[in-house]
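Single-structure report; data block below.
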Amino acid sequence: MTSDAARDELDLDAIEELCGSATPGPWYVRNLDDDHAMNLVTVSTVPDTGRAERWPGFDHRELIAATLVQQPRYVDCADGLWDQNAAFIAMAREAVPQLVAEVRRLRWLVEFGACPTAGTTGTEFVMPLDDEMLVYFREMVDVLVERVGICRAEAVARINAVYGTRESVAFGVGLMGHELPEYWAYGTYYSRDHRDRLPIGDPTADADIDFGTHPVRPAPPKDSPFWTLEE
């Protein structure tokens, strides 16, 4: 099976729709008793009390499923894994939506070449940054906002798209600190002109550059993992 075929078979929208239409979570495993005081293993919308309530001393409207019903004996899997099956069902209510979200994130990484930490760093940047480089990258954002005039969300997205790819992270963002933030920031917005030049933020070196007509790079797609802030 090819990777494309495997992707086609995993319909995330359909899985998400099923999750959304099911009884809201969280779900819990409950150990109850039937009317003969025999074990009754269920999945419930309320936690187990530890009292093993006997039917009819519990509210049937709180029960999602049963993995063991002994009296009458019509739910009783041959392998005897009633508790494990109930734990799996309860876990799946929250785990499946999380897995769908993670698969979507990983597909983004593959499609757009983002580094594996995209969406997990705890900052607006998709690449892992120490405290010093976080300050440096935020100064790059300030350059784009204050000197180019784009919004902060786009500035972050552009920086993520250029420096937050697998290839860029492998190169090492720490090496960027040898230049002023302007040197790298302009390259995320402007393309090279007909003379193969990019602005670098040096007033002398950029003196003959017409910023009004200089080629501009397209912003990264809005559905990419590089957009981490709201506009």
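Note that the OG atom of Ser168 and the CD1 atom of Ile159 stand 12.5 Å from one another [nearest 0.5 Å]. Taking OG of Ser44 as the reference point, atom CZ of Arg61 lies at 12.5 Å (rounded to 0.5 Å). Annotation: the span from Leu198 atom CG to Tyr189 atom OH amounts to 13.5 Å, rounded to 0.5 Å. Between the CG atom of Asn31 and the OG1 atom of Thr42 there is a distance of 7.5 Å, given to the nearest 0.5 Å. Distance check: Leu229 CG to Cys151 SG gives 9.0 Å after rounding to the nearest 0.5 Å. The line from CZ of Arg197 to NE2 of His214 is 8.0 Å long, rounded to the nearest 0.5 Å.
Residues Leu10 and Val100 share a hydrophobic cluster, clusters being chains of Ile/Leu/Val/Met/Phe/Trp/Tyr side chains in contact below 4.5 Å. Under the 4.5 Å side-chain heavy-atom criterion for Ile, Leu, Val, Met, Phe, Trp and Tyr, Val103 and Ile15 are members of the same hydrophobic cluster. Leu12 and Val96 end up in the same hydrophobic cluster when Ile, Leu, Val, Met, Phe, Trp and Tyr side chains are linked at under 4.5 Å. Using a 4.5 Å cut-off between side-chain heavy atoms of Ile, Leu, Val, Met, Phe, Trp and Tyr, with links allowed through other members, Val162 and Phe137 fall into the same hydrophobic cluster. Grouping the Ile, Leu, Val, Met, Phe, Trp and Tyr side chains by contacts below 4.5 angstrom, directly or via other members, places Val156 with Tyr136.
Here the closest heavy-atom approach between residue Ile200 and residue Ala205 is recorded as CD1-CB, 3.7 Å. Closest non-hydrogen pair, Leu109 versus Ala118, comes out as CD2-CB, 3.4 Å. Taking each heavy atom of Tyr28 and Thr45 in turn, the nearest pair found is CE1-O, 3.6 Å. Taking every heavy atom of both residues into account, Pro116 and Arg166 meet most closely at CD-CG, 4.1 Å. When every heavy atom of Pro203 is checked against every heavy atom of Gly201, the shortest pair comes out as CD-O, 3.5 Å. Contact detail for Trp184 and Tyr163: the closest heavy-atom pair is O-OH, 3.0 Å.
Alongside Trp55, the hydrophobic cluster contains Leu32, Leu40, Phe58, Leu63, Val69, Tyr74, Val75 (criterion: ILVMFWY side chains under 4.5 Å). Other members of a hydrophobic cluster containing Trp227 are absent, since no ILVMFWY side chain comes under 4.5 Å of it, directly or through relayed contacts. Hydrophobic side-chain contacts under 4.5 Å tie Leu18 to no other Ile, Leu, Val, Met, Phe, Trp or Tyr residue.
The side-chain contact (heavy atoms from CB on, under 4.5 Å) search around Ala86 returns Val29, Val41, Val43, Thr67, not counting sequence neighbours. With sequence neighbours excluded, the residues that form a side-chain contact (heavy atoms from CB on, under 4.5 Å) with Met38 are Asp34, His36, Gln70, Gln71, Arg73. For the side-chain contact (heavy atoms from CB on, under 4.5 Å) test, residues two or more places apart in sequence or in another chain that qualify with Glu102 are Arg105, Leu106. When the ring-ring contact (aromatic ring centres under 6.0 Å, His included) test is applied to Phe211, the partners found at least two apart in sequence or on another chain are Tyr186, Tyr190. When the side-chain contact (heavy atoms from CB on, under 4.5 Å) test is applied to Asp196, the partners found at least two apart in sequence or on another chain are Arg192.
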From CA spacing to verdict: salt bridge (Lys or Arg N to Asp or Glu O under 4.0 Å), Arg195, Asp208:
CA-CA 12 Å; Arg195 292 179 293 174; Asp208 61 342; 3.4 Å; yes

- Apply side-chain contact (heavy atoms from CB on, under 4.5 Å) to the pair Asn160 and Thr165, showing each step before the final yes or no. CA-CA 7 Å; Asn160 280 335; Thr165 63; over 6 Å; no

Item checked: Stepwise side chain to side chain donor-acceptor pair (under 3.5 Å) check, Trp82 with Asn39 -> CA-CA 10 Å; Trp82 318 291; Asn39 289 341; over 6 Å; no

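Inspection of the Glu53 and Thr49 side chains reveals an N or O donor paired with an N or O acceptor under 3.5 Å. In this model, no donor atom of one side chain and acceptor atom of the other lie less than 3.5 Å apart for Thr117 and Thr120.
With hydrogens and angles ignored, the 3.5 Å screen pairs a side-chain donor or acceptor of Arg54 with a backbone N or O of Asp35.
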Name the atoms and distances for all side-chain donor-acceptor pairs under 3.5 Å in residues 215-224, with sequence neighbours left out.
unit_1 : atom_1 : unit_2 : atom_2 : d
Lys222 : NZ     : Glu231 : OE1    : 2.7
Ser224 : OG     : Pro221 : O      : 2.8
Ser224 : OG     : Phe226 : N      : 3.4

Report, one line per pair, each donor and acceptor closer than 3.5 Å where one atom sits in a side chain of residues 139-148; sequence neighbours left out.
unit_1 : atom_1 : unit_2 : atom_2 : d
Asp142 : OD1    : Arg152 : NH1    : 3.2
Asp142 : OD1    : Arg152 : NH2    : 3.0
Arg147 : NH2    : Glu182 : OE2    : 2.9

Solution key, residues 121-129 side-chain donor-acceptor pairs under 3.5 Å, sequence neighbours excluded:
unit_1 : atom_1 : unit_2 : atom_2 : d
Thr121 : OG1    : Thr123 : N      : 3.3
Thr121 : OG1    : Thr123 : OG1    : 3.3
Thr121 : OG1    : Phe125 : O      : 2.5
Thr123 : OG1    : Phe125 : N      : 3.1
Thr123 : OG1    : Phe125 : O      : 3.4
Glu124 : OE1    : Arg138 : NH2    : 2.9
Glu124 : OE2    : Arg138 : NE     : 2.8

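Using a 4.0 Å cut-off between charged side-chain N and carboxylate O, Arg107 and Glu111 make no salt bridge. In this structure, Arg104 pairs ionically with Asp13, as a charged nitrogen and a carboxylate oxygen lie closer than 4.0 Å.
The number of heavy-atom neighbours closer than 6.0 Å to OH of Tyr183, taken from other residues, nucleotides and ligands shown, is 12 or below.
For residues 83-98, there are no side chain to side chain donor-acceptor pair (under 3.5 Å) pairs, not counting sequence neighbours.
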